[in-house]
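Data first, discussion second: the structure below is written as structure tokens.
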Number of protein chains: 2
Amino acid sequence: MFEARLLKSSILKKVLEAIKDLLTQATFDCDDNGIQLQAMDNSHVALVSLLLRADGFDKYRCDRNVTMGMNLGSMTKILKCAGDKDTVTMKAQDNADTVTFVFESPNQEKVSDYEMKLMNLDLEHLGIPETEYSCTIRMPSAEFARMCRDLSQFGESIVISCTKEGVKFSTSGDIGSANIKLAQTASIDKEDEAVIIEMDEPVTLTFACQYLNYFTKATSLSPQVQLSMSADVPLVVEYRIPDIGHIRYYLAPKIEEDDN
Amino acid sequence: MFEARLLKSSILKKVLEAIKDLLTQATFDCDDNGIQLQAMDNSHVALVSLLLRADGFDKYRCDRNVTMGMNLGSMTKILKCAGDKDTVTMKAQDNADTVTFVFESPNQEKVSDYEMKLMNLDLEHLGIPETEYSCTIRMPSAEFARMCRDLSQFGESIVISCTKEGVKFSTSGDIGSANIKLAQTASIDKEDEAVIIEMDEPVTLTFACQYLNYFTKATSLSPQVQLSMSADVPLVVEYRIPDIGHIRYYLAPKIEEDDN
DNA sequence: GTCACGTCTC
DNA sequence: GAGACGTGAC
């Protein structure tokens with residue numbers, strides 16, 4: 001039997017918001033350590049990796065490892081039925097072909113349960129190597145989202161360039177070109193507002209705006225985002241979910257095109 | 001001559017919002033007691049009954065009974081031209097074929113009038129018997145609206161089941177199934193937030209989601225809604241409009257289908 | 001093309 | 001909480 005309870009359903013609601021535009025279905029792997037999800041997006045361009053640790057749940061029980069293939073559209077519909085202050089509990093019997101979500105209002109006067117059929121999904125196990133990156137940039141997640149949204153008005157690609165001067169986000173298109181330069185914050189009064197750049201080697205890479213915009217759907221999960229880059233390897237965009245885990249997005253850089 | 005004035009046009013605006021999706025036209029019956037409207041919806045499935053008592057108006061005069069056939073689309077367009085704080089006055093000459101709406105801004109600086117042609121509508125007089133019901137449920141209108149919207153994601157029908165344990169709203173469909181259980185509120189600190197269940201006989205009935213969702217367009221008219229049910233008779237969904245009347249929706253239960 | 005719904009913003 | 005905008009369905 002599997003059972004995982006969160007006092008605040010909003011975490012799970014936000015997680016779904018953060019992945020549903022990239023994935024139509026996905027496998028939730030549950031074991032003693034928690035819940036893990038790894039999947040290529042529908043277009044096999046980006047990779048999503050979610051971890052929710054067992055100790056981050058308010059109750060967690062997993063007698064046997066279970067892999068649950070979920071239709072994320074259906075799951076999103078169900079989670080929309082939870083109030084932000086509701087408690088949510090996911091339950092599945094061993095070897096069951098359904099999962100049940102139970103929502104309880106804070107005063108216990110409203111209890112709702114939703115049973116969803118599971119899917120048989122091919123297990124694609126993705127080995128993601130832990131890597132050292134030439135540059136890591138931490139910044140407020142809302143600021144990153146704003147930049148991606150702003151720049152995507154002008155072109156389909158964003159060039160991220162990290163040097164000792166700071167980090168620069170650039171794009172160009174029919175309208176013209178745009179550059180946003182970000183310097184490391186001098187004082188770290190407010191941790192959430194800090195921009196912190198660690199650079200061993202300067203790196204310049206180009207990415208598809210559309211995917212960065214998909215990634216920023218995770219903005220409400222964390223006040224900060226971390227970008228990790230090295231030449232010729234996928235960018236990692238990581239949102240740490242307080243007290244419970246993280247969601248990481250991987251996106252391969254575009255091969256440099258002509259500058260016509 | 002007929003004349004009816006409301007200091008707050010918002011009441012009439014909300015009434016139109018609450019009926020315009022169900023009715024394309026309707027007859028307003030005006031007499032000494034006030035304004036009444038009763039009509040089957042466009043598909044002849046649900047019934048709408050509106051009462052605005054004369055004493056709820058800030059001025060009310062009705063020399064002779066008048067029946068005004070209104071195109072509700074046109075009337076809605078006109079009412080959208082009124083500010084929420086405007087005073088609205090409906091006027092009609094005896095035997096006229098038009099009705100006039102006059103809107104006056106609070107400071108009297110803006111006065112607008114809109115004349116609308118009336119329609120000749122067949123008078124369908126609907127005798128609605130006053131009945132005792134086996135169950136009545138009062139609950140916050142927003143909560144009812146939320147439940148109807150949530151459940152309609154999963155199926156076309158909602159089963160409402162009222163027993164001594166409380167009231168349960170259920171549905172099922174391709175995705176899976178859903179149940180929302182509501183218990184009577186223990187304390188009635190805030191009257192508007194109370195759930196109050198009166199049950200003489202347990203009742204379980206099935207209704208079309210779509211119509212319940214139409215009914216919830218009346219949500220902003222009242223903080224509370226009352227559902228009345230007896231076996232084999234139409235559900236009544238009533239919103240009391242403070243100080244002036246009510247709007248009631250009647251919906252026949254679906255005949256039980258096979259449970260395949 | 002129209003209508004209704006959901007989302008986002010003020 | 002209400003109004004406006006954009007999107008999806010008929």
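Here the structure is a predicted model, which means the values were calculated and not measured. Throughout, protein chains are lettered first and strands after them, A, B, ... in sequence-line order, and every chain is numbered starting at 1.
As a whole-Å value, the separation of D21(B) CG from dC5(C) C1' is 10 Å. Atoms CD (E143(B)) and P (dG1(D)) sit 13 Å apart, rounded to a whole Å. Between the CG atom of L23(B) and the P atom of dA4(C) there is a distance of 12 Å, rounded to whole Å. Look at CD on E17(B): it is 18 Å from P on dG1(D), rounded to the nearest Å. Counting to the nearest Å, the P atom of dA4(C) and the CG atom of D41(B) are 13 Å from each other. Spacing between atom CG of N213(B) and atom C1' of dC5(C) amounts to 10 Å, rounded to whole angstrom units. Between the NZ atom of K77(A) and the P atom of dC5(C) there is a distance of 15 Å, rounded to whole Å.
Taking the charged nitrogens against the carboxylate oxygens, E104(A) and R5(A) do have a contact shorter than 4.0 Å, which makes a salt bridge.
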Protein-nucleic acid N or O pairs under 3.5 Å, nucleotides 3-5 of chain D:
| residue | atom | partner | partner atom | Å |
| --- | --- | --- | --- | --- |
| dG3(D) | OP1 | D84(B) | OD2 | 3.3 |

Enumerate all atom pairs, one protein N or O and one N or O from nucleotides 6-10 of chain C, separated by less than 3.5 Å.
| residue | atom | partner | partner atom | Å |
| --- | --- | --- | --- | --- |
| dT7(C) | OP1 | K80(A) | NZ | 3.2 |

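By the ring pair (Phe, Tyr, Trp, His ring centres under 6.0 Å) test, F103(B) is found to be paired with Y114(B), residues two or more places apart in sequence or in another chain being considered. Remark: E238(A) pairs with R240(A), R248(A) by the salt bridge (charged side-chain N to carboxylate O under 4.0 Å, His left out) rule, at least two apart or across chains. Partners of Y239(B) according to the ring pair (Phe, Tyr, Trp, His ring centres under 6.0 Å) rule, which considers only residues two or more places apart in sequence or in another chain, do not exist here. For K59(B), the salt bridge (charged side-chain N to carboxylate O under 4.0 Å, His left out) partners two or more places apart in sequence, or in a different chain, are E3(B).
There is a side-chain donor-acceptor pair under 3.5 Å between S170(A) and N179(A).
Ring geometry for Y211(B) against Y214(B) counts as perpendicular: the plane angle is over 60°, on a 0 to 90° scale with 30° as the lower cut.
With a 6.0 Å radius and a threshold of 12 heavy atoms from other residues, nucleotides or ligands, E156(B) has its CD atom at or below the threshold.
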